[in-house]
Number of protein chains: 2
Amino acid sequence: MEQVSHAQSEQVFHAQSEQVSHAEKEPVPAQKGTVTQRAIEQIKAMIAEGLLEPGQRLPTERDLAAQLGISRSSMREAIRALTVLGVLEARHGSGIYVTQLEAGDLLETFGVVADLSRGPRLVELLEVRRVLESTATALAAARITPEQLAVVEGHLTAMNATDDPEEILAHDLAFHRAIAAAAGNDTMAAILEGLSSRTFRARVWRGYQQEDAFARTRREHARIHGALAARDPEAARAAAAAHVGEVEQWLRGQLGSP
Amino acid sequence: MEQVSHAQSEQVFHAQSEQVSHAEKEPVPAQKGTVTQRAIEQIKAMIAEGLLEPGQRLPTERDLAAQLGISRSSMREAIRALTVLGVLEARHGSGIYVTQLEAGDLLETFGVVADLSRGPRLVELLEVRRVLESTATALAAARITPEQLAVVEGHLTAMNATDDPEEILAHDLAFHRAIAAAAGNDTMAAILEGLSSRTFRARVWRGYQQEDAFARTRREHARIHGALAARDPEAARAAAAAHVGEVEQWLRGQLGSP
DNA sequence: CGGCCGTAGTGGTCGGACCACTGGGCTGGC
DNA sequence: GCCAGCCCAGTGGTCCGACCACTACGGCCG
């Protein structure tokens, strides 16, 4: 509405486009895509080739921009992009650093998928979670240490000791997180973390908890814990699959009757 | 080195910081994080709440920036961030649009994880892939249509008809992609796509193919195809798990002797 | 010797100018 | 009357330069 007259037609052609003035002997100047996109790829490539180690500090934005022959603005966009991907980390006043490139760093964006999905895709996500969660639980049954098992048990009892839905949800998350951690596959744990993100579960639970879900959930969790304590991978796998599958089936039924 | 004298100490304090000058009755002005980060969250929230439908066009960068009370530069960083996440899509000269928010759009970034992972995490990724791939193959065995099966078969024969590693790799990818598509879970297919990204597999294969891997791969693929044709989910699951597990075990052994 | 403080340096933000591309309306030829 | 082509307003892409907010380091003072 309040779009004033831009008057951008009085363009004096300024000699600004000498951005690639210097000699470029490359057979293909690789003018593909935007300069920002190119910068993203180049930084990614530098990391992939080992020129940038995890935790290492990068040159300043100004230097990086000069190095790749682009403006600081474009370089900042590239850095921002790699920041949200969990590849880089910018510390105000200090510098830009490569993250540890661990599963948790890179898979944080996975939560966005869960947050923005709805309808049929929620069921698909739960199906993926069922597969991974059951596997992780089975692995945990074989590898879990007594200390880790105690943590799991702690969340189980804490979850049974309260009626506050918020607290129950928190301990529910921690329960599964502890199991995933005990499975020994950080990547799988990180994916499951994303698939169980706070907003995602809260959204599903909003209606699910109105059923007799609390009692059922407690029973299922007890069964999972029992299988872990018994070091029975197959029982653990079955219990976990049934647990997630329960919610999955309920959600599948909800799709037809909004 | 060639860092010239910035001379940025002659700062005349300009009245520029009236960015939040207007009345803000919120109990907490939510000054958390950077303005760009806030913009990202706000746009994400708009989409999550349904204010922005998939495919819909957003206001211009300039309008959006004005709406949220930030500069166009910061807004552009936010847009760029959401672009790399597969949430938004910018078309030069036309406008900014919300993507279809399908699994493929949002999980495209998953490939970055595979590209930047190395060492033990590669094994973890293969373990995840083994779990998902075997499940997807089992599902496909139960649901695949004759047309889809024909496509799978086509890639199998094409892969057996050439000796060009590049071409074999391409058909190998397409073979598994076709199976994943037949499983009926787009989300799972998208994740598997990321786990089988071109650069990822090329890196692993670089050494793997020197063994007698070609013949073995062909045999395993034939076994998978046979299970699909026989509509035998359990056999398909086993064949797929063995196929991925083969590479997984080889890679596991490689870790000790670089 | 230790804490305080100044300051250089770095990421964060802003505003404006200009470039490159798209799309629809206008014009002119057929 | 219709279609092709041109024209141009609008929009994303890029660049620049200034300034703000924060960090880290080192010298100064008690």
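FYI, side chains are in, hydrogens and waters are out, and symmetry mates aren't considered; it's all heavy atoms of this structure. Chain A is the first sequence line, chain B the second, and so forth, proteins listed ahead of strands; every chain is numbered from 1.
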Requested in this report: Tell me, yes or no, whether the heavy-atom count around A/E41 atom CD, taken from other residues, nucleotides or ligands under 6.0 Å, exceeds 12.
Outcome: yes

Query raised in the report: Over how many whole Å does the gap from B/R76 atom CZ to C/dC14 atom P extend?
Result: 15 Å

Requested in this report: For B/I96, report the nucleic acid contact type (base, sugar-phosphate, nothing); a contact means any heavy atom under 4.0 Å.
Outcome: sugar-phosphate

Requested in this report: For the side chain of A/R62, starting at C-beta, report the closest nucleotide among C/dG11, D/dG12, C/dC14.
Outcome: C/dG11

Query raised in the report: How do B/E77 and B/R72 order along DNA chain C: which one's closest nucleotide is nearer the 5' end?
Result: B/E77

**Report entry** C/dG11 base / B/T34 side chain donor-acceptor hit below 3.5 Å
**Finding:** no

Requested in this report: Could you tell me whether A/E127 and A/R129 make a salt bridge, using a distance below 4.0 angstrom between a side-chain N and a carboxylate O?
Outcome: no

**Report entry** Salt-bridge criterion met for A/R121 and A/E124 (N-O under 4.0 Å)
**Finding:** no

Query raised in the report: If you measure from the Lys or Arg side-chain nitrogens to the Asp or Glu carboxylate oxygens, is any gap between B/E133 and B/R177 under 4.0 Å?
Result: no

Report task. Would you tell me if any nitrogen or oxygen in the side chain of A/R80 comes within less than 4.0 Å of OP1 or OP2 on C/dT13? Result -> yes

Query raised in the report: Looking at DNA chain C, which of residues 87-95 of chain B put a heavy atom within less than 4.0 Å of it?
Result: B/H92, B/G93

Report summary line: Separation of D/dG13 atom P from A/Q37 atom CD, nearest Å, is 10 Å

Report task. Check whether any side-chain N or O of B/T36 sits under 4.0 Å from OP1 or OP2 of C/dG12, and answer yes or no. Result -> no

Query - Partner set under side chain to side chain donor-acceptor pair (under 3.5 Å) for B/S197, not counting sequence neighbours - result: B/D115

Requested in this report: Check whether any side-chain N or O of B/S74 sits under 4.0 Å from OP1 or OP2 of C/dC14, and answer yes or no.
Outcome: yes

Query raised in the report: If you look at every strand shown and take non-hydrogen atoms under 4.0 Å, does A/S73 touch a base, only sugar-phosphate, or nothing?
Result: base

Query raised in the report: At under 4.0 Å between heavy atoms, what does B/I70 touch on the DNA or RNA strands: base, sugar-phosphate, or nothing?
Result: sugar-phosphate

Would you mind writing out the side-chain donor-acceptor pairs for residues 78-86 of chain A within the sub-3.5 Å range, not counting sequence neighbours?
unit_1	atom_1	unit_2	atom_2	d
A/R80	NE	B/E77	OE1	3.1
A/R80	NH2	B/E77	OE1	3.4
A/T83	OG1	A/I79	O	2.7

Report summary line: Here the distance between atom P of C/dT22 and atom OH of B/Y97, to the nearest Å, is 12 Å

Query raised in the report: Does a side-chain N or O from A/R57 land closer than 4.0 Å to OP1 or OP2 of C/dT10, or not?
Result: yes

Query raised in the report: A/E61 CD to D/dC16 P: how many Å, rounded?
Result: 15 Å

Requested in this report: Take the angle between the ring planes of B/F110 and A/F110 and call it parallel below 30°, perpendicular above 60°, tilted in between.
Outcome: perpendicular

